[in-house]
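Nothing here was measured: the structure is a model prediction, and the numbers come from that model.
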Amino acid sequence: PSLSQFNEDTLQQRLQALIESAGEGWTYAIFWQISHDFESPTGDNTVVLGWGDGYYKGEEDKEKKKKSSNSNPAEQEHRKRVIRELNSLISGGGGGVSDESNDEEVTDTEWFFLVSMTQSFANGVGLPGESFLNSRVIWLSGSGALTGSGCERASQGQIYGLQTMVCIAAENGVVELGSSEVISQSSDLMDKVNSLFNSNN
Amino acid sequence: IPSVPQARKASLARFLEKRKERLMSA
């Protein structure tokens, strides 16, 4: 396997290991990876945090899942259409193939995760950017903390049913975790990120 | 940056595949 394939596989394994070993109700984990924008208009070598990989676990509580997908019918139709198109794109345009997963409700957290794949952040901007620039942990717990943070990504997360969002800076990017439950800050999670995502461990 | 869209495509394929698995086991 190529080196990039290797990195991709291990990134996925590390994100999965992080969520599965944390033992709390994390809904997803994303690794925002740094890259360098050499075509910046200012001519600077600008650091950008873009999608590296993500692991979506989902909500275990079925009632919560139900509650988190109560978007209006038009919005649901839009989400299902996007999922159908993406499924067709990934499967090489095998249009017409019926797939039951295309007609299932797309929950708010699934949608938030999916939309995240299209996003990137300049260094210092947004939740991941701020975490990376200052090499610090941002832990927002409780819907009030998400909306009160003044950060658009956190506000969006709250709208899509998240109650906890965490960004932990690592060597080559930022690990973001989100949950539809309220999860208190723990050094255990930060230690896990450190051991999984920093090479000096 | 060519690696970025590739990473997204792989993530997307994995997400859709796991979604199917979740829905089938529900």
Does a side-chain heavy-atom distance below 4.5 Å link [X] with [Y]?
X      : Y     : result
A:M117 : B:F15 : yes
B:E17  : A:I90 : no
B:R19  : A:Y56 : no

Least distance between heavy atoms, B:K18 atom then A:Q12 atom: CE-OE1, 4.4 Å

Can you tell me if A:E24 has over 12 outside heavy atoms packed within less than 6.0 Å of its CD? yes

Using non-hydrogen atoms only, which part of A:E110 is less than 4.5 Å away from chain B: side chain, backbone, both, or neither? both

Rounded distance [0.5 Å steps], CG in A:L114 versus CG in B:L16: 7.0 Å

Output the distance between atom OG (B:S11) and atom CZ (A:F113), rounded to the nearest 0.5 Å. 6.5 Å

For A:D53 and B:R14, run side-chain contact (heavy atoms from CB on, under 4.5 Å): C-alpha distance rounded to whole Å, both residues' side-chain angles, the deciding distance at 0.1 Å, then the answer. CA-CA 10 Å; A:D53 203 357; B:R14 208 179 278 123; 3.1 Å; yes

Answer with side chain, backbone, both or neither: which region of B:L23 has an atom nearer than 4.5 Å to a non-hydrogen atom of chain A? side chain

